[in-house]
2 protein chains.
Amino acid sequence: MRADVSVASVSRVLTGAGPVTEATRRRVLEAVDALQYVPHSGARSLSTSKTNTIGVILPDLYGEYFSELIRGMDVAARAQGYHLIVSSSHDDADEASAAIRSMRGRVDGLIVLSPHLGAANLASGLAGRTPILVMNGGADEERASIVVDNHGGAVAAVEHLVAVGRRRIVHISGPTGNLDAEARMAGYVEAMAAAGLPTTVIEGAFTKASGHDAGLRLAGLAVQPDAVFAGNDNMAVGAMLAFQEAGLRVPEDVALVGFDDIPLASLVRPGLTTLKINIAETGRKALERVVRMAGSEVDTACEVVRPELVVRASSNLERPYGGAADLNRTDVQTPSLEGEKL
Amino acid sequence: MRADVSVASVSRVLTGAGPVTEATRRRVLEAVDALQYVPHSGARSLSTSKTNTIGVILPDLYGEYFSELIRGMDVAARAQGYHLIVSSSHDDADEASAAIRSMRGRVDGLIVLSPHLGAANLASGLAGRTPILVMNGGADEERASIVVDNHGGAVAAVEHLVAVGRRRIVHISGPTGNLDAEARMAGYVEAMAAAGLPTTVIEGAFTKASGHDAGLRLAGLAVQPDAVFAGNDNMAVGAMLAFQEAGLRVPEDVALVGFDDIPLASLVRPGLTTLKINIAETGRKALERVVRMAGSEVDTACEVVRPELVVRASSNLERPYGGAADLNRTDVQTPSLEGEKL
DNA sequence: CTGTTAGCGCGTTCAA
DNA sequence: TTGAACGCGCTAACAG
């Protein structure tokens with residue numbers, strides 16, 4: 001060794017654990033500096049069985065919902081001294097399951113958002129005791145999870161549209177098989193029934209393009225709807241554009257409500273009424289919980305995120321430009337999240 | 001061992017290397033299945049000194065530019081059997097440098113986008129021979145890099161605005177210290193000089209909010225500009241909203257050009273004229289190059305991405321709704337990228 | 001307080 | 001073809 005010390009002393013100095021004399025400590029740091037030595041975190045992980053890394057399994061990275069979520073997780077991860085490893089674009093359960101398996105020995109915990117992964121896949125996916133937090137829409141009694149109150153949000157959306165005088169309210173749903181989508185649709189159906197109104201559902205795919213398609217079809221109908229509740233903001237924005245291209249006015253002819261409150265929702269004209277989920281904040285919570293679980297804290301709670309109705313101009317005749325003030329609003333309270341950088 | 005074989009045989013079966021009898025091979029696979037055995041990738045990495053992981057160092061995850069970029073990288077990574085580990089929110093060189101250091105032994109290569117990191121920091125950051133590809137705006141003679149032709153793009157923007165009859169063209173710049181921002185501003189200044197026009201620059205921060213602020217200031221001027229070239233789309237959109245709130249019409253009163261062609265650019269009304277960078281595609285290329293470098297292929301090339309002027313309604317009186325067709329367009333050619341999922 | 005030693009879980013020599 | 005031993009770089013337990 002450059003500093004005439006053993007590897008153990010070096011380890012002690014670098015990890016900060018164990019007793020070291022100030023003199024040797026200085027010698028070690030000096031040598032580290034001279035040799036440009038950087039510890040090999042892979043080897044450290046093998047020795048400590050701690051990787052300080054959390055894996056995130058996503059269906060896809062497209063759309064602002066997921067990028068916001070990852071941003072929230074990443075900021076929290078940095079604060080906790082953790083790294084984030086992302087894995088997306090899993091089109092089926094097998095792929096997602098393989099992705100989970102390949103994470104073994106690489107992560108201390110997992111956050112799973114892939115709706116393809118049922119409880120069975122999760123159990124078979126990882127042999128050891130890798131903590132898993134699921135956020136794929138299905139409430140899980142046994143496992144740590146975060147779910148959005150999709151049903152309640154959808155009911156609030158319909159009730160709002162009814163309150164502003166709409167009656168022919170159509171729902172553009174998310175894809176079948178997606179639990180979030182199905183819960184939102186169920187809430188719509190129930191609330192419409194409660195209001196004594198007939199239901200109409202067009203299936204979308206949570207994408208802007210599918211919302212656009214649905215909007216064009218609705219605009220071409222003999223009896224057009226006077227309101228649309230879309231399963232998410234992405235589709236709502238697509239539908240809004242379709243309506244505008246077809247010469248329909250929003251909200252005068254068709255009121256529009258989305259779901260999620262992605263950043264884009266407050267930027268489109270008219271501003272989009274939606275059910276706000278504090279996305280980045282939810283990501284932060286998820287990461288902090290899984291980190292605690294990695295510290296062998298038991299956690300089988302199912303946290304429910306309740307979306308909040310944010311009324312903007314798309315469903316409100318009295319607020320033509322509502323939402324502009326949102327530009328300077330910071331949703332997440334963490335100081336480091338303030339402002340919006342490139 | 002469950003299958004009465006040595007660890008070596010198991011290794012041979014699982015890695016596919018080395019000679020194995022069909023009989024033992026079957027026994028091993030059977031035991032693997034029964035035991036729910038999953039190889040420990042961390043240990044494997046230590047042994048092979050291959051992590052199959054690429055690290056991405058970002059200044060921040062905010063905004064569509066970076067999420068698109070990561071998406072392109074992630075898709076390519078999966079295709080190559082690689083994982084992606086992201087690390088963002090490094091506000092200064094020290095933090096970013098620390099982030100790089102903590103990646104040692106964790107990744108096979110690095111893609112660095114932090115503009116804070118000069119060549120010096122990069123060199124001192126990683127001791128060993130971890131391949132690094134830089135994309136932080138500065139052309140690097142020695143190192144593998146991908147740079148955008150910011151100067152050329154800015155010149156094209158100004159020439160376009162001049163061609164459609166604008167004269168009082170103001171630039172909203174990105175933050176000082178950001179190399180991309182500075183090159184775009186330089187291109188603006190040069191092109192304006194070539195056209196014999198006076199320059200005005202307002203400094204922004206690449207954020208929507210800063211573009212909004214700049215827009216409000218410009219709208220309040222005694223002599224308002226008849227065109228604005230913003231350093232990126234984010235700021236252009238912010239300025240567009242500010243103009244609309246101030247009662248200015250785009251493009252009739254003020255034409256607007258952005259930079260990047262983020263997905264939002266074709267969605268705002270009017271559609272935003274911009275300099276298109278195929279963001280996801282650029283991310284894909286970056287990942288593939290760094291993976292090749294990890295396979296000890298030497299690469300010190302500096303690839304230049306030339307942005308393409310996309311004219312939409314924000315600078316064109318004859319195309320009030322230009323950009324709607326973009327909804328169904330797929331920028332990246334990879335099949336798995338088609339459509340736009342939640 | 002410090003140095004020596006034994007694993008962490010794998011891939012990879014070598015000898016059998 | 002297979003199995004036993006070694007080493008990847010580090011930390012944790014022990015002994016000095």
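Chain letters run A, B, ... following the sequence lines, proteins first, then strands; residues in each count from 1.
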Letter per nucleotide, 5' to 3', of nucleotides 6-16 of chain D [B base touched, S only sugar-phosphate touched, - untouched; heavy atoms, 4.0 Å]: -BBBBBBB---
Note: chain A reaches DNA chain C at heavy-atom distances under 4.0 Å over the stretch, first to last nt, 5' to 3', of dC1(C) to dC10(C)
Side chain to side chain donor-acceptor pair (under 3.5 Å) partners for Arg44(B), two or more places apart: none
Just by modelled atom types, is the Asp108(B) backbone N or O under 3.5 Å from a matching donor or acceptor in the Thr51(B) side chain? yes
How close do Met73(B) and Leu287(B) get, heavy atom to heavy atom, and via which atoms? O-CD1, 3.7 Å
Tell me, please, which residues at least two apart from Arg78(A) pass side chain to side chain donor-acceptor pair (under 3.5 Å). His90(B), Glu95(B)
Residues forming a side-chain contact (heavy atoms from CB on, under 4.5 Å) with Arg26(A), sequence neighbours excluded: Glu30(A)
Can a donor-acceptor pair be found between the side chains of Arg106(B) and Thr53(A) at a distance below 3.5 Å? yes
Taking all non-hydrogen atoms of both residues, which atom of Ile132(B) and which atom of Arg143(B) are closest, and how far apart? O-CG, 3.9 Å
Base, sugar-phosphate alone, or nothing: which one does Thr21(A) contact when heavy atoms must sit under 4.0 Å apart? sugar-phosphate
Using only atom types and a distance under 3.5 Å, with no angle test, would you say the side chain of Ser45(A) pairs donor to acceptor with the backbone of Lys50(A)? yes
Terminal axes of the helix from dC1(C)-dG16(D) to dA16(C)-dT1(D) (five pairs each): angle between them, nearest 10 degrees: 50°
Does the side chain of Arg104(B) come within less than 4.5 Å of Thr130(B)'s, by heavy atoms? no
Just by distance, with hydrogens left out, do Ser67(A) and Arg71(A) show a side-chain donor and acceptor under 3.5 Å apart? no
